[in-house]
2 protein chains.
Amino acid sequence: MKLTSKGRYAVMALVDLARFDTINPVSLRDISLRQGISLDYLEQIFSKLKKNQIVKSTRGTQGGYILSKKPIEIKLSNILNAVDEKVKTVQCKKESKKGCNGKATKCVTHNLWDELETHINTFFDKKSLQDLLKNNSERVN
Amino acid sequence: MKLTSKGRYAVMALVDLARFDTINPVSLRDISLRQGISLDYLEQIFSKLKKNQIVKSTRGTQGGYILSKKPIEIKLSNILNAVDEKVKTVQCKKESKKGCNGKATKCVTHNLWDELETHINTFFDKKSLQDLLKNNSERVN
DNA sequence: ACATACCTGACTAAAATGGTCAAGTTTAGA
DNA sequence: TCTAAACTTGACCATTTTAGTCAGGTATGT
């Protein structure tokens, strides 16, 4: 059971973005330098964030990204879902060998894993970008 | 972010064990058949459970495993830790490029990931094997 | 026109996952 | 005492995921 970097990078990048966008779009290059994340990797991540309407982009010189919504409206669950980092409970085998078949006799752990999933998602639904900004208010500009 | 099968298997096997041990040790072969988990894989898992004093073993014919403690004393966190399925937050890079160095300027997500870890562990600390037995009381013997 | 910055897709090395396989050792019971 | 059941150990492996890199684009402000 592991929490991977992709989601963490996405969150870091968006916090960075939230602190610097206000008026002008922020280029990935800047975020890359400030956060120490590879530019190419950031592009992959922002492509997904854009598809999920979390950020908007402007092309060309002076282009970059801005948030689509206010930080308080962006929940961490939105971000993590966008980059495919949603919590995935291991699937019980479809062709029920012995245990879980989704029907009458669910395997013992079925409900447990569902509960955990809910538990974690609740956590991420409550936290917004805004919450993270508060903890990290050593602004640079 | 994914929850893997190893932990799930461990929990399934122990619930099975809790239901059938009482007097005689239960063989992995039986568990394997009932739960549809490969015998060889179960051996790997039980080797770890034994090292962590969650089960005891008896060798030879009629041998098998029994729980070391009462189901209510065995928390899910114990089980998952034993099979190396503890929650692992992605490490922030040691050689702080820009972000987290553990010192003054922790990366923005540092606290967040710690919080989540606590959140999940709390969940597993509360649940015991006993709790799972209740939900699944269609005994066979 | 040209540098900046977004955009897209293919590719890859390394690690984790979910096992299998082989070769034991121990012990109950015939 | 022999043997089969059951635990024990460690090596091995195919597949998938992760965390990127690389190589090309396309759009646009100056």
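Letters go in sequence order (proteins before strands), and every chain restarts at 1. From a predicted model like this one, the values you see are computed outputs, not experimental measurements. Values below: every heavy atom of this structure, side chains too, minus hydrogens, waters and symmetry copies.
- Note that CG of L116(B) is 8.5 Å distant from NE2 of H119(A), once rounded to the nearest 0.5 Å.
- Nearer to the 5' terminus of DNA chain C, by closest-nucleotide assignment, is the contact made by R29(A) (compared with the other of G60(B) and R29(A)).
- Rounded to a whole Å, the NZ atom of K51(A) is 11 Å from the P atom of dC7(C).
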Tabulate protein N/O versus nucleotide N/O from nucleotides 10-18 of chain D, keeping only pairs under 3.5 Å, one per line.
none

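- For the pair S27(B) and dC7(D), the criterion of a side-chain N or O lying under 4.0 Å from OP1 or OP2 is not met.
- Within the 4.0 angstrom heavy-atom criterion, only backbone atoms of the sugar-phosphate kind lie near Y65(A); the bases stay farther away.
- Note that the OG atom of S32(A) and the OH atom of Y9(A) stand 10.5 Å from one another [nearest 0.5 Å].
- To the nearest angstrom, P of dT8(D) lies 14 Å from NZ of K56(B).
- Of all nucleotides listed (dA27(D), dG19(C), dC7(D)), dG19(C) comes nearest to the side chain of Y9(B).
- If D30(B) and L39(A) are placed on DNA chain D by their nearest nucleotide, the residue sitting closer to the 5' end is D30(B).
- In this structure, K86(B) places its NZ atom 16 Å from C1' of dA16(C), rounding to the nearest Å.
- Nearest heavy atom pair, residue I74(B) against residue L67(B), reads CD1-CD2, 4.0 Å.
- E115(A) has a carboxylate O that lies under 4.0 Å from a charged side-chain N of K127(B), or vice versa, which qualifies the two as a salt bridge.
- Put simply, K50(A) has no side-chain N or O that comes within less than 4.0 Å of OP1 or OP2 on dC6(C).
- Contact annotation: S38(A) side-chain N/O to dT21(D) OP1/OP2 distance is under 4.0 Å.
- A distance of 7.5 Å separates CG of D131(A) from CG of L76(A), quoted to the nearest 0.5 Å.
- Across the protein-nucleic acid pair, L42(A) atom CG and dT21(D) atom P stand 10 Å apart, rounded to whole Å.
- As a whole-Å value, the separation of L33(A) CG from dA5(C) C1' is 13 Å.
- Look at CD on Q62(A): it is 11 Å from P on dC6(C), rounded to the nearest Å.
- Separating the CZ atom of F46(A) from the C1' atom of dC7(C) is a distance of 14 Å, rounded to the nearest angstrom.
- In this structure, the CZ atom of R59(A) is 5 Å from the C1' atom of dA27(D), given to the nearest Å.
- In this structure, K126(B) and K75(B) approach most closely via the heavy-atom pair O-NZ, 4.3 Å.
- Between D16(B) and R34(B) there is a salt bridge, since at least one side-chain N of the basic residue sits less than 4.0 Å from a carboxylate O of the acidic one.
- Residue V55(B) is classed as having no contact, given no heavy-atom separation below 4.0 Å to the nucleic acid.
- S57(A) has a side-chain polar atom (N or O) that falls below the 4.0 Å cut-off from OP1 or OP2 of dC7(C).
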